[in-house]
**Student:** 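What follows is a structure written as structure tokens; I'll ask about it next.
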Amino acid sequence: MEPEFHDSQIAWVLQQESVANGEIGIFALNGEAYIKKLQNDTDGIFLISLNEKYAPIKVSENDRLDIFGKVLGKSDASAITGHYR
């Protein structure tokens, strides 16, 4: 989800069953996991990437969309290495 999130970073997530329009969340769409911004408007529900090279993903009524929670922030993995043993 570059440019905001990069490989090897840890996303901090508040586990909840819903995400408000415009919030970044952790989703599973038909079994595929995503970190995306939710867009819910008159055109439908979309998962939006912050990376402009990826098109929005439209969620159809036949799709299975699971919401794992809202992304609160991020950390580099190196910042917490060694804290948990």
Side-chain angles (χ1 to χ4, degrees):
M1 191 77 166
E2 293 185 10
E4 184 69 26
F5 298 91
H6 303 279
D7 286 344
S8 79
Q9 288 184 317
I10 295 170
W12 298 101
V13 180
L14 176 61
Q15 184 179 354
Q16 57 189 45
E17 295 179 2
S18 65
V19 175
N21 192 28
E23 290 183 330
I24 297 174
I26 304 294
F27 306 93
L29 180 62
N30 301 321
E32 294 289 323
Y34 297 96
I35 180 171
K36 300 280 185 190
K37 181 168 37 169
L38 180 70
Q39 178 180 312
N40 187 358
D41 59 28
T42 57
D43 294 328
I45 298 173
F46 295 86
L47 298 180
I48 307 294
S49 177
L50 296 180
N51 187 334
E52 294 179 0
K53 72 179 185 178
Y54 294 101
I57 301 169
K58 183 169 176 61
V59 179
S60 74
E61 63 183 52
N62 295 324
D63 288 329
R64 177 178 174 145
L65 178 65
D66 296 303
I67 301 170
F68 295 106
K70 173 184 172 179
V71 175
L72 301 176
K74 63 184 177 188
S75 295
D76 289 326
S78 62
I80 61 170
T81 302
H83 290 270
Y84 298 101
R85 292 182 184 210

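Fair warning: this is a prediction, and the values are worked out from it, not measured in the lab.
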**Student:** For Glu23, give me all partners under side chain to side chain donor-acceptor pair (under 3.5 Å), at least two apart in sequence or on another chain.
**Tutor:**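 In terms of side chain to side chain donor-acceptor pair (under 3.5 Å), with neighbours along the sequence ignored, Glu23 is linked to Lys70.
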**Student:** Could you tell me which residues satisfy side chain to side chain contact (heavy atoms under 4.5 Å, CB included) with Tyr54, sequence neighbours excluded, listed by chain and number?
**Tutor:**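 If we apply the side chain to side chain contact (heavy atoms under 4.5 Å, CB included) test to Tyr54, skipping adjacent residues, the hits are Ser49, Asn51.
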**Student:** Show the nearest heavy-atom pair for residues Val71 and Ala11, with the distance to one decimal.
**Tutor:**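 In this case the closest contact between Val71 and Ala11 is CG1-CB, 4.4 Å.
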**Student:** Go through the structure and list residues passing side chain to side chain contact (heavy atoms under 4.5 Å, CB included) with Ala33, not counting sequence neighbours.
**Tutor:**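 Partners of Ala33 by the side chain to side chain contact (heavy atoms under 4.5 Å, CB included) criterion come out as none, since no residue qualifies.
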**Student:** Once rounded to the nearest 0.5 Å, what's the spacing between atom CD of Glu17 and atom CG of Asp66?
**Tutor:**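 Between atom CD of Glu17 and atom CG of Asp66 there are 10.5 Å.
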**Student:** Got a sec, which hydrophobics cluster with Ile45, joining ILVMFWY side chains under 4.5 Å apart, including via others?
**Tutor:**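 Listed partners: Val19, Phe27, Leu29, Tyr34, Leu38, Leu47, Ile57, Val59, Leu65, Ile67.
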**Student:** Does Ser60 have any side chain to side chain donor-acceptor pair (under 3.5 Å) partners at least two apart in sequence or in another chain, and if so, which?
**Tutor:**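 With sequence neighbours excluded, Ser60 shows a side chain to side chain donor-acceptor pair (under 3.5 Å) to Asp63, given in chain and number order.
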**Student:** Go through the structure and list residues passing side chain to side chain donor-acceptor pair (under 3.5 Å) with Asp41, not counting sequence neighbours.
**Tutor:**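 Counting only residues at least two positions away or on another chain, Asp41 forms a side chain to side chain donor-acceptor pair (under 3.5 Å) with Gln39.
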**Student:** Do Arg64 and Asn30 come close enough that some side-chain heavy atom pair is under 4.5 Å?
**Tutor:**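 Yes, close enough: below the 4.5 Å cut-off.
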**Student:** Which other residues end up in the same hydrophobic cluster as Leu14, if Ile, Leu, Val, Met, Phe, Trp and Tyr are linked when side-chain heavy atoms come under 4.5 Å apart?
**Tutor:**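 Grouped by the 4.5 Å side-chain rule, Leu72 form the rest of the cluster around Leu14.
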**Student:** Taking all heavy atoms of Phe46 and all of Ile48, pick out the closest pair and write down the distance.
**Tutor:**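 Looking at all heavy atoms of both residues, the shortest contact is CB-CD1, 3.7 Å.
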